[in-house]
Q: 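Attaching a single structure in structure tokens format; questions to follow.
Computed from a predicted structure; not experimentally measured.
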Amino acid sequence: SDRIGQRLQKALAQERENTPPNKALISRLQRQIILLAGASISTIDSFCQSIIKNNFADIDLDPRFRVANENELILLQQEILDEIFENRYAQGDALLEEFGEKYGTDRGDDQLYNIVLKLHDQSRNQPFPEHWLRQLVEAYSPVDEKKAPKNHLHDYTLWWQMIYSGLQQHMAKAMAAREKFYLLVEQVDEPKTRAKYDERLDRIDSILNGINEALDKDWQDIYDAFRVLDYKETKFINMPGGKLDIDPDLREAIKNANDGVKIAVEQMRKDFVLDPEDIMLEDLAKLYHDAEAIVELVLEFNQAYKAAKKERNIIDYGDMEHYALQLLMAEGSTPDHIQPSAAALQLRRKYREIMVDEYQDTNQVQDTIVSLIAGENQGNLFIVGDVKQSIYRWRNSDWRLLNAIGKEFDNKDIGQTTLDTNYRSEANIINFNNIFFEEAAATEFGEFKDTFPGIGDIHRGSNSIQQVPDS
């Protein structure tokens with residue numbers, strides 16, 4: 001943060017010295033230099049730490065705390081997990097034993113430990129960790145919030161969304177491969193050879209159209225749409241064998257495109273559509289008890305870990321964020337209704353403008369902190385982020401937060417500027433980047449394509465990343 005402040009101060013000073021005689025402009029630059037001295041420039045961790053130090057009286061934390069190093073925390077976590085599991089096994093915990101048989105290994109409980117720690121880390125990235133964990137269990141519950149039974153897969157809202165989204169992503173791959181197949185077949189001139197490939201294209205269209213139509217219906221319709229792959233009369237037709245009047249390279253390319261369609265459809269079935277609805281409902285009911293068991297373990301670990309850190313007067317970076325959030329949220333705030341505390345309102349009055357860089361590296365807790373100090377309309381908030389860089393998954397960040405802000409561009413007074421010119425990379429690096437994210441935007445990361453046109457279509461037109469000429 002000091003480095004950033006020094007660079008800004010140097011740049012402003014140079015601009016002031018190089019500016020032609022202009023009293024108004026020079027005065028403005030001088031004022032910016034003065035204001036810079038009072039600006040709060042820091043990492044999110046340093047910012048949270050400053051909030052804590054200024055409000056010690058309002059939280060249960062010894063002022064002499066220290067931030068523990070990673071190795072120290074790993075050893076402490078292992079020690080606590082060992083104790084929890086030993087105690088539960090000694091008490092004959094049937095749920096843990098059953099869970100261990102399903103998800104453990106012959107070598108011990110390391111796999112179970114990893115599950116607990118992963119859920120612990122993910123929960124700590126949420127403003128209300130326990131609420132988030134309880135919601136995970138509810139996603140498997142065989143009854144809804146009104147205690148009415150869930151008789152269909154679409155009643156399991158979270159699971160249905162995941163399944164449907166996965167099917168749509170694979171379907172996008174299949175349709176892209178189908179289009180490639182079609183364009184290649186268009187290049188076949190010999191009538192008899194063309195007829196053979198047209199027959200296979202018709203079968204591909206029949207299968208894909210059947211799946212597409214079923215996606216808007218019930219699960220049984222989706223299941224039946226994939227069952228056509230089991231019968232000779234309706235499954236994919238193998239590529240024609242023997243001698244054909246066609247260029248060998250084109251023939252191979254058509255075969256590869258056909259394989260792309262088949263692989264995408266078969267992967268859909270393997271990942272999502274193996275069983276009819278009644279069996280899948282039975283499996284979800286069984287998973288409900290597993291989810292209950294693991295979440296109870298995580299909650300027990302969370303409490304024990306918190307107590308152990310308190311005893312040693314240490315915190316981690318997640319604690320730092322949560323203490324800051326605790327100070328900025330009004331008492332009585334809930335997941336559905338978060339209100340600013342007096343400390344948050346004081347910071348709102350202090351900061352006329354707020355800038356956050358690398359927003360794709362933000363988690364839910366940090367996002368909530370920023371929202372609390374920015375105000376209700378957040379008109380004073382300026383953020384910089386690049387969804388593509390979220391592949392690094394910095395400290396369990398969530399790129400969807402940046403995506404959610406993007407969806408508000410048409411609302412309120414929110415504007416967007418896309419930085420689509422690359423000044424540093426060679427042409428081959430830029431081309432690879434464009435091709436890679438074109439594929440990503442069409443499949444797994446398709447959700448951000450419509451939100452950020454400059455990201456989803458960086459390979460086309462004025463939105464393309466262009467290499468700056470050497471001259």
Q: Is Asp319 salt-bridged to Lys306, going by a charged N under 4.0 Å from an acidic O?
A: no

Q: Mark yes when over 12 heavy atoms from residues, nucleotides or ligands other than Lys102 sit less than 6.0 Å from its NZ; otherwise mark no.
A: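 Above 12, so yes.
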
Q: Are the side chain of Ser123 and the backbone of His120 linked by a donor-acceptor contact shorter than 3.5 Å?
A: yes

Q: When you measure from the side chain of Asp155 to the backbone of His152, do you find a donor-acceptor pair of N or O atoms at a distance under 3.5 Å?
A: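 Here the side-chain-to-backbone pair exists.
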
Q: With side chains defined as the heavy atoms from C-beta onward, is the minimum distance between Cys48 and Tyr323 less than 4.5 Å?
A: no

Q: Does a side-chain heavy-atom distance below 4.5 Å link Leu95 with Glu292?
A: no

Q: Does the side chain of Met171 reach to within under 4.5 Å of the side chain of Leu208, using non-hydrogen atoms?
A: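 Touching, per the 4.5 Å side-chain cut-off.
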
Q: Do you know which two heavy atoms are closest between Ala330 and Pro340, and how far apart they sit?
A: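 Between these two residues, the closest heavy atoms are CB-O, 3.4 Å.
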
Q: Counting only heavy atoms from other residues, nucleotides and ligands, does the tally under 6.0 Å from CZ of Phe272 exceed 12?
A: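 Atom CZ in Phe272 is crowded, with more than 12 foreign heavy atoms closer than 6.0 Å.
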
Q: Counting only heavy atoms not in Lys309 (residues, nucleotides, ligands), do more than 12 fall under 6.0 Å from its NZ?
A: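 Yes, because the 6.0 Å sphere around NZ of Lys309 holds more than 12 heavy atoms from other groups.
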
Q: Apply side chain to side chain contact (heavy atoms under 4.5 Å, CB included) to residues Asp316 and Val67 and explain how you reach the verdict.
A: CA-CA 6 Å; Asp316 57 29; Val67 180; 5.8 Å; no

Q: Looking at Asp218 and Gln220, would you say the former's side chain and the latter's main chain have a donor-acceptor pair under 3.5 Å?
A: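 It does not hold such a pair.
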
Q: Please check if atom CZ in Arg352 has more than 12 non-hydrogen atoms from other residues, nucleotides or ligands closer than 6.0 Å.
A: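 No - once you tally the heavy atoms of other residues, nucleotides and ligands closer than 6.0 Å, there are 12 at most.
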
Q: To the nearest 0.5 Å, what is the distance between CD1 on Ile222 and CD1 on Ile211?
A: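 Rounded to the nearest 0.5 Å, the CD1-CD1 separation comes out at 10.0 Å.
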
Q: Is Glu130 salt-bridged to Arg134, cutoff N-O under 4.0 Å?
A: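 Here Glu130 pairs with Arg134 in a salt bridge, since their nearest N and O are under 4.0 Å apart.
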
Q: Do the side chains of Tyr305 and Leu73 get nearer than 4.5 Å, heavy atoms only?
A: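 They are in side-chain contact.
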
Q: Could you check whether any side-chain N or O of Asn313 sits under 3.5 Å from a backbone N or O of Arg64, counting only pairs where one atom can act as donor and the other as acceptor?
A: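 Yes: the side chain of Asn313 pairs with the backbone of Arg64.
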
Q: Give a yes or no on whether Asp60 atom CG has more than 12 heavy-atom contacts from other residues, nucleotides or ligands under 6.0 Å away.
A: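 Not more than 12 within 6.0 Å, no.
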
Q: Do side-chain atoms of Lys150 reach the backbone of Ser141 as a donor and acceptor pair under 3.5 angstrom?
A: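 Checking the backbone N and O of Ser141 against the side chain of Lys150, a donor-acceptor pair under 3.5 Å is found.
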
Q: Taking Ser341 for the side chain and Leu328 for the main chain, is one N or O donor matched with an acceptor at less than 3.5 Å?
A: yes

Q: Got a donor-acceptor contact below 3.5 angstrom from the Arg312 side chain to the Ala308 backbone?
A: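 Checked: pair present.
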
Q: Where do Glu266 and Lys270 land on the side chain to side chain contact (heavy atoms under 4.5 Å, CB included) test, with the steps shown first?
A: CA-CA 6 Å; Glu266 288 164 1; Lys270 179 183 176 182; over 6 Å; no

Q: Scan residues 84-98 for pairs that pass side-chain hydrogen bond (donor to acceptor under 3.5 Å, both in side chains), counting only residues two or more places apart or in two chains.
A: Arg88-Asp93, Arg88-Glu300, Tyr89-Asp109

Q: Please find the pair of heavy atoms, one from Ile294 and one from Phe99, that lie closest to each other, and give the distance.
A: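 So the two residues come closest at CD1-CE2, 3.6 Å.
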
Q: Taking the basic N atoms (NZ, or NE/NH1/NH2) and the acidic carboxylate oxygens, is any pair closer than 4.0 Å for Arg194 and Asp198?
A: yes

Q: Between Gln364 and Asn125, is any pair of side-chain heavy atoms under 4.5 Å apart?
A: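 Result no, sub-4.5 Å side-chain heavy-atom pair not found.
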
Q: Check the pair Ile383, Thr362 against side chain to side chain contact (heavy atoms under 4.5 Å, CB included), reporting the backbone distance first and the verdict last.
A: CA-CA 11 Å; Ile383 68 171; Thr362 302; over 6 Å; no

Q: Look only at the side chain of Arg178 and the backbone of Leu201, and say whether a donor-acceptor pair between them is shorter than 3.5 Å.
A: no

Q: Side chains of Gln122 and Trp132, heavy atoms from C-beta outward: is any pair under 4.5 Å?
A: yes

Q: Check the orientation of His131 and Phe128. Use parallel for under 30°, tilted for 30 to 60°, and perpendicular for over 60°.
A: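 Perpendicular, since the angle between the ring planes exceeds 60°.
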
Q: Would you say that Asn212 contacts Met175 through its side chain, given a criterion of any heavy-atom pair below 4.5 Å between the two side chains?
A: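 Yes, side chains in contact.
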
Q: Mind telling me whether Tyr351 and Phe47 have parallel, tilted or perpendicular rings, with 30° and 60° as the class edges?
A: tilted

Q: Say whether, by atom type as modelled, one donor and one acceptor occur between the side chain of His170 and the main chain of Gln267 under 3.5 angstrom.
A: no

Q: So, the side chain of Ser206 versus the backbone of Asp202: is there a donor-acceptor pair under 3.5 Å, distance only?
A: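 The answer is no, because no donor-acceptor pair under 3.5 Å joins these two groups.
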
Q: Does a sphere of radius 6.0 Å around CD in Glu83 hold more than 12 heavy atoms from other residues, nucleotides or ligands, not counting ones at 6.0 Å or beyond?
A: no

